[in-house]
Amino acid sequence: MPFGRARRALHLERLFRCTAVSTALGHGVMRTKVKSRQGVARVTSPETGSFVPRPARQDDLEISEEIRSDESIADEDSKAQSQKKPHKIKIPKNIKMKNPMKHRKKHDAATSETVLVLDLDANDSMADSCGCPEEESQKSTIKNKISERMKIPDFMKRQKNPKSPETPSVDLDFNGNLEQNRLVKAQQLLVEAEERLFGSNEVARTEEEKDKLQTDYEHFLVRLRIVINDSFSEDNQETLRSALTSVLQEEAQDRRWAKVAVDERPIWRPTKCREMHDILLQTVVEERMKTGDEQENKVDQLSTSLKREVCRMGKQVQKDLLRVVRNLRECYPPEFDICRTYARLYHQTFSTRLQELARASVDFEDCLYILSWIVDYYPKDVLKHKELEEHINNSSLGPLLPEEDLKRLEEQYFSYKENEIRKWLSNAFEKEVKKWSDGIEPEIMDGYYFSNLAVDVLPLVDASVREVNSLLGDESKAWSLLCHLDSSLLSYKTNLEELVKRKQETIPKTLSANFNNVYLFRDYVQKPEHLFSEDTRTACLSTLADLKNICHKYFLSRIHTELKPLYRKLWTQAWFARHCEVVEELMKALEDNMDQFKELKPVCREELLAELHIEVTVEYVRRMMKRKLKLKDKEQQEAAAEFICHDNSKICSVFAKVGSKEEWLGQILPKLSEILKLQDPGSLQLEIATLARDYPDISEQHVLAILNLKTNLSSSDQRRIKGCLSENRVTQDTESPPAFFSRVLVKRKII
């Protein structure tokens, strides 16, 4: 190779290196060409910056030889140069480069490749490193030769930072801006070209120019669709900003051309970019809702395909709306109201698919799952997410299902739940009754006889009622479910009444176990938060009161049967003569019988003891009012009054020891003893009036029965005292003690 050619090769090598570095760093000046349909290339002139047409050229050659060079080639002759070890630069096969020496006379010919113009002044440091004055003097010559058309590889054409499409390092034409996703600039160039061609009737425009501009618009719209379709890509955010700005600019241009006659507008106007954007968003949402990953959304463990699909779509809605709020919202101008737009699109897509599923034949589990999403998960977990709620207008979205579809699902669901509760209750109560019939002893838990009837039934009933009320929002339907509980309790009562008539050894144990069930049912019915209608609640409580009385009557009647001979001694001559002995015997028998109550749970035992305490006191007063004993004088009356107080103390002490809390009973016998002690008719009249005030259920017969114990009281005094009873009687209020005298039966009416 001659010395001069070697020097030029060295320059070419270094210039190519400078070009690669300069392009990668965004330095230098690049110009691109636009090729027309007729094969005529329009090339940007480095000097003027305008487009210059020239014919295309097909004789470009690829550089396939190795360029040999050396660092000190300027100080050696060609022979010494040939003896050195060659320094090789391998040019990629896909890079085509013009040979400036071979084609120097054809620099005006056109080429179909991109033109690269290198500004040597921008690479002073590279030029200085050559250390050759002759090379410096030939800079402008080399510049012209290199600019005689060099093919640029694709990787050099692309923008190196796609996330910043609006921060260019060089001025680009439309195709260059489009390639680098500078959509705002590309759109502006289109509008400028459009204004030049169509802005004035005086400007002549050829069909080729209009076709060329229409083709550019088509390319622009294609790129716009690609960017919008890829909205959820994190690497696409800056490009998306540019695309959305260009959409608004296109809308403004559409409005400008809307004022011009149709035949004077460009054929592509209006471009309707905003409409295209909205349609694309709909498509994007539909595709994402179809292709969401079940495993990614953690729904692959659900039992049916419908559940998996509904859950996947619901989770996809939440996930994508969160991405819209966190990422896409910042890319969109306020005019798009993008959060609500996406919420509406996802809501409509989810709703459409749910309608398809709901109108197909679904079983109860799938029906329940759809209703759960409609009523609970979707409005509460998805739309009311703390990051979404402030950006989405939930009220404007409407229901997920039309009214008729929702009603059909609700009826299917309620019918199933009603049958299910009826079946649960029937099976549970029948199973309990069968145990009684078979004479199976109940289980013992924590030292008490135990039946799990209420424990099994109530949680199921309560959960179903709450679920129905939550999903259907209709308390009347919840009430109707609890009507089945009342029906079951009535059947339970009938079977329990039949049980106590039998002579089975297991009856006391069975009643002890079921006694607790009665209290568990009663506690559930009484709580106001449970969804009973007033009629159903009243009916259930009445039935449960009857059930409790059945148990009380069974246990207490057995005690009273054993105590009956001792009761007969009260208020007789034997009692008056041997008072302490009679009462001690009665209390001892009472304590022995109360030991069997230890098998009852405390809540049951407490009420049973209270009832027994009342009944023993009632029996004592009843025996007193039978008038088996006549108190003839003051001494006998005072003695009897003292005996009453002593008996009252013994009775209250025994019951307090076993846990009775009926303290109000301890006030009755002392008041009666005071009546026996008083002798003055006026004082008696006042005491009777006080007794009637404290116990409004006391009757005239009760008062006369007490007064008849005092044989020294005249008939006129009795009538006077009886008259003041009606005058001073007051209506019973909530502060009055429970009814007592109404339970004391006086068989014979005393006049």
*Asks:* Which atom names give the shortest non-hydrogen contact between Trp575 and Ala640, and what distance separates them?
*Replies:* CH2-O, 4.4 Å
*Asks:* Quick one: list whatever passes ring-ring contact (aromatic ring centres under 6.0 Å, His included) with His484, sequence neighbours left out.
*Replies:* none
*Asks:* Measuring only between side-chain heavy atoms, which start at C-beta, is Phe576 closer than 4.5 Å to Gln636?
*Replies:* yes
*Asks:* In the structure I gave you, are the side-chain heavy atoms of Met625 and Val621 within less than 4.5 Å of one another anywhere?
*Replies:* yes
*Asks:* Can a side-chain donor-acceptor contact be found between Arg466 and Asn469 if the only test is distance below 3.5 angstrom?
*Replies:* no
*Asks:* Taking side-chain hydrogen bond (donor to acceptor under 3.5 Å, both in side chains) as the test, write out the residues that go with Asp405, two or more places apart.
*Replies:*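 In terms of side-chain hydrogen bond (donor to acceptor under 3.5 Å, both in side chains), with neighbours along the sequence ignored, Asp405 is linked to Arg359, Arg408.
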*Asks:* Got a salt bridge between Arg522 and Glu607, using NZ or NE/NH1/NH2 to carboxylate O under 4.0 Å?
*Replies:* yes
*Asks:* Would you say the side chain of Gln412 lies within less than 4.5 Å of the side chain of Val362, judging by non-hydrogen atoms?
*Replies:*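 Yes. Closest side-chain heavy atoms under 4.5 Å.
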*Asks:* If you apply the rule salt bridge (charged side-chain N to carboxylate O under 4.0 Å, His left out), what do you find for Glu599 with Lys509, and how did you get there?
*Replies:* CA-CA 8 Å; Glu599 298 174 348; Lys509 298 176 182 178; over 6 Å; no
*Asks:* With a 4.5 Å heavy-atom cut-off, do Tyr524 and His530 have their side chains touching?
*Replies:* yes
*Asks:* If you count heavy atoms of other groups shown closer than 6.0 angstrom to CD of Glu642, is the number above 12?
*Replies:* no
*Asks:* Asp647 and His579: side-chain donor and acceptor closer than 3.5 Å?
*Replies:*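 Looking only at side-chain atoms, His579 and Asp647 do form a donor-acceptor pair, the distance falling under 3.5 Å.
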*Asks:* Contact between His702 and Ser699 at the side-chain level, heavy atoms closer than 4.5 Å - yes or no?
*Replies:*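 The answer is yes, as the side chains (C-beta and beyond) meet within the 4.5 Å cut-off.
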*Asks:* Can you name the ring-ring contact (aromatic ring centres under 6.0 Å, His included) partners of Phe655, sequence neighbours left out?
*Replies:*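 If we apply the ring-ring contact (aromatic ring centres under 6.0 Å, His included) test to Phe655, skipping adjacent residues, the hits are His613.
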*Asks:* Quick one, Lys588 with Asp592, criterion salt bridge (charged side-chain N to carboxylate O under 4.0 Å, His left out). Give me CA distance, side-chain angles, the key distance, then yes/no.
*Replies:* CA-CA 6 Å; Lys588 178 67 171 61; Asp592 292 341; 3.0 Å; yes
*Asks:* Side chains of Pro670 and Asn648, heavy atoms from C-beta outward: is any pair under 4.5 Å?
*Replies:* yes
*Asks:* How are the rings of His552 and Phe515 set relative to one another: parallel (under 30°), tilted (30 to 60°) or perpendicular (over 60°)?
*Replies:* perpendicular
*Asks:* Identify the heavy atoms of Ile614 and Arg743 that sit nearest to each other, and give their distance.
*Replies:*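 Here Ile614 and Arg743 meet closest at CG2-NH1, 3.3 Å.
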*Asks:* Considering only distance and modelled atom types, tabulate donor-acceptor pairs under 3.5 Å from the side chains of residues 449-457, sequence neighbours left out.
*Replies:*
unit_1: Ser451; atom_1: OG; unit_2: Glu432; atom_2: OE1; d: 3.1
unit_1: Ser451; atom_1: OG; unit_2: Glu432; atom_2: OE2; d: 3.1
unit_1: Ser451; atom_1: OG; unit_2: Leu453; atom_2: N; d: 3.4
unit_1: Ser451; atom_1: OG; unit_2: Asn517; atom_2: ND2; d: 2.9

*Asks:* Considering residues at least two apart in sequence or located in another chain, which fulfil the ring-ring contact (aromatic ring centres under 6.0 Å, His included) criterion with His385?
*Replies:* none
*Asks:* CD1 of Ile675 to CD1 of Ile706: how many Å apart, nearest 0.5 Å?
*Replies:* 4.5 Å
*Asks:* Sequence neighbours excluded, which residues qualify as ring-ring contact (aromatic ring centres under 6.0 Å, His included) partners of Trp424?
*Replies:* none
*Asks:* Going by atom types only, do Tyr413 and Glu467 share a side-chain donor-acceptor pair under 3.5 Å?
*Replies:* yes
